[in-house]
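Numbering of residues begins at 1 and proceeds along the displayed sequence.
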Amino acid sequence: GPLSQAMNLFKSLVLQLACLYDEQPTVRNAELDEESEGFLMRLNFWPRMQSHAKYVVGLRESAIRIEHVKEAPLGIELALVHATQIEVVWHPSVATLPLAVRWARLRSVGGRQVWCWDIWDVSDPELPVYRIETNEPHPIDITVQVLGEDAGLYPWMHDGKPFLPWVIYHAADTGQGWDPREWHELVQATYGLAMLWTFWLHCVKEASWDQKYAIDLVLQGLSKANVGTGGASRVTVDPTSLLMFKGTKDGRGVVGSIGASVDPLAMAQAILLYQQVVATHLGVAPSDIRTTAADAQSGIAISLTREGLRKMQRRYQPQFRAGDEELLQKIAWVHNLFRDPDLPALPEDGYRVSYPGLPLSAEEIDALLGKYERLIELGLRSEVDLLMEMEPGMSRDEALAQLVRVADERRKVAEARGGQAAPKPEPGAGPKPGEGETTGESPPPSDGLGGVALTAEDIQDIRAARAKGQSVATL
């Protein structure tokens, strides 16, 4: 049958593993004020990073070019550039430090589209270079023709030193600039699986039913239109037809069937088993592959469990965090170099990025809260530890400040509902012996932060919020 590329194992795994930006990362910087933070939000580059993550995971490396474009609404444009479109010269002693980047791109030169190389070179910090030349056996420098008066200038400077307006992302820290051989096995397996699924489709269509036969019988009503010209005689049938046979000899003819030569279900299960073996060799644990019969994906392609996806997210976070923090820093450098006076300046260092990960399911929330309820009760953990685990990337100081704010707000809400402010206790004040014994009630447990500790109602609120994908900080 025709070759089928519908079952693409490579694409399926890449789409599932490149999920780091499915939830928008959190950017923290002590120097970010409300205006500059709003500017970063309006750049809205995180959705574009979802496509970028696929390139990084699938190709093992990919790059982002930070450009100042006057026509862009905010003056900054991020270009996603495949690793197949650039050449990089790495530092001889630091193999992951780029010194020069050559980018193959189409440019309009002399009224026609021409492939050119844009070249940034900071190997000599005293004489950085940006030039444009044609992609020919004998390249022609067309920098003046393209840039005009700006030719010969290198504007990308920070603290008197040149920098490359590029960030190169790596799927794994190998200590080398490129990692082209990794996942080569997955590509080869994808070709093999495409062949197997193509053969499976052929078997389903041509060999998945009983083969009928007749001995010493001729089917009546055959068309004679093509007889004698090499064509086959045919008779049109449908489920309501009654086929008539005529014996060819004096004896009785026989009609029978031979069982199907292929069991499509068993064949598909064998192919799926091969897919799981391939995924296991790529570092995906068998326990992280969803194989339940009730799962529709299990019959189509490999589907990872939520915990399996979280493991892969944690594996990729260090490399992507390094790239994202460098990207934010260079966005600030380029923006501050070329910015319109009406736009706010950005802090040029100190960026921290954290990734929220996949939202917890209701069952996972119950398990997490149950674990921490006991640990907090034993004095082995605090509400700060719980909040840090529920909000990945939040520091201990930030979690503590958040809990203090929440406790203060809860106290104010309680006072408003009571119609009057609760009196603040004086130092050393407390109930006298015998007071409060007739009510049979005990005061709510203190959380040590000026409010009350988590109650059963609070825990239910947290569970409901997390099940909806809301941040605990909004409660």
Side-chain angles (χ1 to χ4, degrees), residues 45 52 55-56 59-69 76-109 113-182 319-320 322-338 348-349:
F45 58 86
H52 174 64
Y55 302 148
V56 177
L59 299 176
R60 311 308 294 168
E61 271 86 27
S62 194
I64 295 181
R65 156 92 163 98
I66 305 105
E67 292 188 88
H68 169 70
V69 180
I76 294 292
E77 180 66 22
L78 302 182
L80 306 186
V81 182
H82 297 180
T84 57
Q85 296 177 290
I86 58 174
E87 294 180 355
V88 181
V89 177
W90 305 96
H91 193 285
S93 300
V94 185
T96 57
L97 178 63
L99 295 179
V101 175
R102 291 163 48 90
W103 179 19
R105 62 185 297 188
L106 276 173
R107 283 187 174 276
S108 180
V109 180
Q113 295 292 310
V114 178
W115 278 103
C116 301
W117 288 103
D118 282 25
I119 302 170
W120 293 259
D121 188 341
V122 297
S123 55
D124 183 356
E126 301 299 325
L127 191 62
V129 173
Y130 173 56
R131 71 176 182 273
I132 303 168
E133 58 186 36
T134 58
N135 181 34
E136 298 174 341
H138 301 285
I140 301 173
D141 190 330
I142 58 172
T143 309
V144 175
Q145 186 177 350
V146 175
L147 300 181
E149 296 179 354
D150 294 332
L153 302 179
Y154 194 90
W156 299 281
M157 306 289 290
H158 177 69
D159 287 343
K161 298 179 181 179
F163 68 90
L164 297 173
W166 287 84
V167 178
I168 300 175
Y169 284 71
H170 306 271
D173 185 359
T174 63
Q176 300 296 321
W178 298 116
D179 186 24
R181 300 294 181 184
E182 190 69 14
Q319 290 76 246
F320 277 90
D324 287 342
E325 291 175 356
E326 181 183 354
L327 177 66
L328 287 165
Q329 184 180 59
K330 288 190 173 180
I331 286 175
W333 291 357
V334 173
H335 169 71
N336 291 345
L337 279 171
F338 301 102
E348 297 191 346
D349 53 25

**Student:** Sub-3.5 Å donor-acceptor pair from the side chain of E67 to the main-chain atoms of E77, do we have one?
**Tutor:** no
**Student:** Taking only residues two or more places apart in sequence, or in another chain, which ones meet E149 in a side-chain contact (heavy atoms from CB on, under 4.5 Å)?
**Tutor:** none
**Student:** Mind jotting down which residue pairs meet the side chain to side chain donor-acceptor pair (under 3.5 Å) criterion with at least one end in residues 162-180? Sequence neighbours excluded, please.
**Tutor:** E61-H170, Y169-D324
**Student:** Show the nearest heavy-atom pair for residues A83 and L59, with the distance to one decimal.
**Tutor:** N-CD1, 4.4 Å
**Student:** Could you measure the distance from the CH2 atom of W333 to the NE2 atom of H158? Nearest 0.5 Å is fine.
**Tutor:** 4.5 Å
**Student:** Please tabulate, for the side chains in residues 135-143, all donor-acceptor contacts under 3.5 angstrom to protein atoms that are two or more places apart in sequence or on a different chain.
**Tutor:**
residue : atom : partner : partner atom : Å
N135    : OD1  : W117    : NE1          : 3.1
E136    : OE1  : T134    : OG1          : 3.3
D141    : OD1  : T143    : N            : 2.9
D141    : OD1  : T143    : OG1          : 2.5
T143    : OG1  : I132    : N            : 2.9
T143    : OG1  : I132    : O            : 3.4

**Student:** Can you tell me how far apart NE2 (H52) and CZ (F320) are? Round to the nearest 0.5 Å.
**Tutor:** 6.0 Å
**Student:** Please list, chain by chain and in numerical order, all residues satisfying salt bridge (Lys or Arg N to Asp or Glu O under 4.0 Å) with D118, sequence neighbours excluded.
**Tutor:** R105, R107
**Student:** Would you mind reporting whether L99 and P92 have side-chain heavy atoms less than 4.5 Å apart?
**Tutor:** yes
**Student:** For the residue pair P162 and V122, what are the closest heavy atoms and their distance?
**Tutor:** CB-CG1, 3.8 Å
**Student:** The criterion is side chain to side chain donor-acceptor pair (under 3.5 Å); which residues satisfy it with N336, sequence neighbours excluded?
**Tutor:** E348
**Student:** Go through the structure and list residues passing ring-ring contact (aromatic ring centres under 6.0 Å, His included) with H91, not counting sequence neighbours.
**Tutor:** none
**Student:** The criterion is side-chain contact (heavy atoms from CB on, under 4.5 Å); which residues satisfy it with V144, sequence neighbours excluded?
**Tutor:** A151
**Student:** How far apart are the closest heavy atoms of W90 and P98, and which atoms are they?
**Tutor:** CE3-N, 3.6 Å
**Student:** Among all residues two or more places apart in sequence or in another chain, which pass the side chain to side chain donor-acceptor pair (under 3.5 Å) test with Y55?
**Tutor:** none
**Student:** For D159, which residues count as a side-chain contact (heavy atoms from CB on, under 4.5 Å) partner, sequence neighbours excluded?
**Tutor:** none
**Student:** Run the side-chain contact (heavy atoms from CB on, under 4.5 Å) test on I66 and V167 for me, step by step, so that the C-alpha distance in whole Å, both residues' side-chain angles and the decisive distance to 0.1 Å come before the verdict.
**Tutor:** CA-CA 8 Å; I66 305 105; V167 178; 4.1 Å; yes
**Student:** For L127, check side-chain contact (heavy atoms from CB on, under 4.5 Å) against everything at least two apart and list the hits.
**Tutor:** D124
**Student:** Working note: Y130 + L147, criterion side-chain contact (heavy atoms from CB on, under 4.5 Å); need CA distance, chi angles, decisive distance, verdict.
**Tutor:** CA-CA 10 Å; Y130 173 56; L147 300 181; 3.6 Å; yes
**Student:** Checking side-chain contact (heavy atoms from CB on, under 4.5 Å) for the pair I331/F45: CA distance, chi angles, key distance, verdict?
**Tutor:** CA-CA 11 Å; I331 286 175; F45 58 86; 4.2 Å; yes
**Student:** For R65 and W120: C-alpha separation, side-chain torsions, deciding distance, then whether side-chain contact (heavy atoms from CB on, under 4.5 Å) applies.
**Tutor:** CA-CA 11 Å; R65 156 92 163 98; W120 293 259; 3.3 Å; yes
**Student:** With sequence neighbours left out, write down each residue that passes salt bridge (Lys or Arg N to Asp or Glu O under 4.0 Å) with R102, or none if nothing qualifies.
**Tutor:** E87, E133
**Student:** State the CG-CG distance between L78 and L327, to the nearest 0.5 angstrom.
**Tutor:** 6.0 Å
**Student:** Of all residues at least two apart in sequence or in a different chain, which pass the side chain to side chain donor-acceptor pair (under 3.5 Å) check with E326?
**Tutor:** K330
